[in-house]
Amino acid sequence: AGVFGRSLRSLLIVSAVLATAEPPTEEQLSLSAAAVLDDECAGGLAPSDGCAVNALQMKVKTVEARRHDAEEQPESAGAVDAHAAADSSLEQHETAVFQQGLNLNLQAEEITATVSKANSTTSMSCKFVPYSGPVAGAESCFCHKVGNPSCRGKACTCREGCVGFALPERESSTFFNKARTNCRGAYLTIPRSYLRDLRDARHKCGHGLYSLLHGMLEAGFMAYQGVQLGPVMQCIHKPDRVSVHWLHLHTFCANGQIDGMPNRHTAICEEMHSLADAGRIAGIMAKYR
């Protein structure tokens with residue numbers, strides 16, 4: 001058994017003490033400490049040879065010596081029965097703790113299943129639209145990164161790869177934007193549904209567009225707080241100035257620039273200071289004609 005046996009014994013003693021809320025005895029503490037002797041003592045060196053034997057370890061050695069002396073003498077029938085009862089109690093406690101762990105795992109699985117079911121049945125802001133664009137290029141790359149079902153199982157078409165989502169949501173996904181910027185970084189947030197631009201989104205989503213944009217703005221803002229805390233600039237290209245035909249929200253530093261934005265001639269841009277601004281900005285973007 002050796003150290004492994006003493007370690008197991010000490011763990012069971014600690015568990016039993018915690019379960020009964022009774023203060024540990026001197027021998028219980030000594031047994032637990034026996035499993036954590038200093039590395040310098042592992043080789044059996046004497047104190048005079050530099051072994052780091054502290055007061056607690058010396059106490060453990062004394063208790064073990066007493067137990068050894070006691071073991072050399074025949075135990076009475078009563079003592080044997082007492083040891084058997086103690087071992088049985090520890091086994092029962094270990095079984096109870098194990099069962100509690102199983103119960104907790106089952107409860108966690110039930111909660112996860114309930115949340116997953118709720119997410120799958122909650123109505124979305126827009127009717128889902130599968131991707132039907134080119135099999136290569138920026139739109140196809142967006143299809144892979146956002147997880148649109150039309151691209152699942154197909155080869156990745158993104159030069160930088162199709163992994164690395166910063167903040168996947170139920171209706172959108174946010175990922176790092178590799179375009180040149182004077183900010184410390186930038187993000188793109190795109191809907192899972194294939195919406196080509198704001199005009200296409202308004203046609204297919206109707207009043208649901210506001211809710212979709214609200215969620216995208218929140219996701220972009222939260223993702224950028226991992227780059228730099230504070231306000232951000234949120235921009236969406238105007239429909240007639242789009243180069244990549246999949247609705248996408250640009251999130252970058254408040255005083256920065258990316259893709260020629262902010263520019264009121266080519267994009268709708270608003271500074272966002274907190275999540276509370278998402279509703280106001282979503283209303284402005286959703287109203288654009």
K.L.:
State, to 0.1 Å, how close Met216 and Thr189 come at their nearest heavy-atom pair, and which atoms those are.
P.N.:
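Here Met216 and Thr189 meet closest at CE-O, 3.2 Å.
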K.L.:
Can you tell if the side chain of Cys158 reaches within under 4.5 Å of the side chain of Lys145, non-hydrogen atoms only?
P.N.:
yes
K.L.:
Kindly confirm or rule out an SG-SG distance below 2.5 Å between Cys162 and Cys141.
P.N.:
no
K.L.:
Considering non-hydrogen atoms only, spot the tightest contact between Gly220 and Thr174 and give its length.
P.N.:
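For Gly220 and Thr174, the tightest heavy-atom pair comes out as N-OG1, 4.2 Å.
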K.L.:
Could you tell me whether the side chain of Tyr187 reaches within less than 4.5 Å of the side chain of Asn177, counting heavy atoms only?
P.N.:
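Result no, sub-4.5 Å side-chain heavy-atom pair not found.
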K.L.:
Starting at SG of Cys253, measure out to CZ of Arg184 and round the result to the nearest 0.5 Å.
P.N.:
9.5 Å
K.L.:
Taking Phe128 as the fixed residue, which of Lys204, Arg192, Glu171 is the one that meets the side-chain contact (heavy atoms from CB on, under 4.5 Å) rule?
P.N.:
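For Phe128, the side-chain contact (heavy atoms from CB on, under 4.5 Å) test succeeds with only one of Lys204, Arg192, Glu171, which is Arg192.
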K.L.:
Suppose we screen for side-chain contact (heavy atoms from CB on, under 4.5 Å). Which residues come up paired with Lys178, at least two apart in sequence or across chains?
P.N.:
Glu160, Phe176
K.L.:
Using the test side-chain hydrogen bond (donor to acceptor under 3.5 Å, both in side chains), find all partners of Thr251 that sit at least two apart in sequence or belong to another chain.
P.N.:
Gln234
K.L.:
Are Asn263 and Arg241 packed together at the side-chain level, in the sense that at least one heavy-atom pair is separated by less than 4.5 angstrom?
P.N.:
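They are not in side-chain contact.
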K.L.:
Name all pairs fulfilling the salt bridge (charged side-chain N to carboxylate O under 4.0 Å, His left out) condition that reach into residues 262-282, sequence neighbours left out, sorted by first residue then second.
P.N.:
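Output for this query lists Glu270-Arg280.
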K.L.:
Indicate yes or no: at least one non-hydrogen side-chain atom of Leu188 is less than 4.5 angstrom from one of Leu249.
P.N.:
no
K.L.:
Before you tell me yes or no, could you show the steps for Lys154 and His144 under side-chain contact (heavy atoms from CB on, under 4.5 Å), namely the whole-Å CA-CA distance, both residues' side-chain angles and the distance that decides it to 0.1 Å?
P.N.:
CA-CA 8 Å; Lys154 297 181 180 179; His144 282 280; 4.0 Å; yes
K.L.:
Does Tyr194 have any ring-ring contact (aromatic ring centres under 6.0 Å, His included) partners at least two apart in sequence or in another chain, and if so, which?
P.N.:
Tyr131, Trp246
K.L.:
Taking atom CG of Leu198 and atom CD1 of Ile268, what is their separation to the nearest 0.5 Å?
P.N.:
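These two atoms lie 5.0 Å from each other.
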K.L.:
Are Val135 and Val129 linked, directly or through other ILVMFWY residues, by side chains that come within less than 4.5 angstrom of each other?
P.N.:
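No, no single cluster joins them.
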K.L.:
Evaluate the ring planes of His214 and Tyr210, with Trp represented by its six-membered ring, and classify them as parallel (under 30°), tilted (30 to 60°) or perpendicular (over 60°).
P.N.:
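Tilted.
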K.L.:
What are the two closest heavy atoms between Leu212 and Leu195, and how far apart are they?
P.N.:
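Smallest interatomic distance, heavy atoms only, reads CD2-CD1, 3.6 Å.
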K.L.:
Distance from His250 atom NE2 to Thr181 atom OG1, nearest 0.5 Å?
P.N.:
10.5 Å
K.L.:
Does a side-chain heavy-atom distance below 4.5 Å link Ile190 with Phe175?
P.N.:
yes
K.L.:
Kindly compute the distance separating NZ (Lys238) from CG (Asp197), expressed to the nearest 0.5 Å.
P.N.:
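Answer rounded to 0.5 Å: 13.5 Å.
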K.L.:
Can you pull out every disulfide bond (SG atoms under 2.5 Å apart) where at least one residue sits in residues 185-221? Sequence neighbours excluded, please.
P.N.:
Cys126-Cys205
K.L.:
Nearest 0.5 Å, what's the CE-CD1 distance between Met285 and Ile236?
P.N.:
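The CE atom of Met285 sits 4.5 Å away from the CD1 atom of Ile236.
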K.L.:
Check whether any side-chain heavy atom of His237 lies under 4.5 Å from a side-chain heavy atom of Asp259, and answer yes or no.
P.N.:
yes
K.L.:
Can you tell me if Gln228 uses its side chain to pair, donor with acceptor, with the backbone of Tyr224 under 3.5 Å?
P.N.:
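No; judged by distance alone, with no hydrogens or angles, the pair does not exist.
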K.L.:
With Asn148 as reference, evaluate Ser132, Cys143, Ser173 under the side-chain contact (heavy atoms from CB on, under 4.5 Å) test and give the passing residue.
P.N.:
Cys143
K.L.:
Give me the atom names and distance for the closest heavy-atom approach of Ser140 to Cys151.
P.N.:
O-SG, 4.4 Å
K.L.:
Clusters formed by hydrophobic residues whose side-chain heavy atoms approach within less than 4.5 Å: which one holds Ile258, and what are its other members?
P.N.:
Met233, Phe252, Met261
K.L.:
Check the surroundings of atom CG in Asn255: do more than 12 heavy atoms from other residues, nucleotides or ligands lie under 6.0 Å from it?
P.N.:
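No, because the 6.0 Å sphere around CG of Asn255 holds 12 heavy atoms or fewer from other groups.
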K.L.:
Should we say atom NE2 of His273 is surrounded by more than 12 heavy atoms from elsewhere, each under 6.0 Å from it?
P.N.:
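Above 12, so yes.
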K.L.:
If I take atom CZ from residue Arg196 and atom CZ from residue Arg199, how far apart are they, to the nearest 0.5 angstrom?
P.N.:
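Answer for the CZ-CZ pair, Arg196 versus Arg199, is 11.5 Å.
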K.L.:
Taking all atoms of both residues into account, what is the closest heavy-atom pair of Val227 and Gly185, and its distance?
P.N.:
CG1-N, 4.1 Å
K.L.:
At their closest point, which heavy atom of Pro262 faces which heavy atom of Gly256, and how far apart are they?
P.N.:
CD-O, 3.5 Å
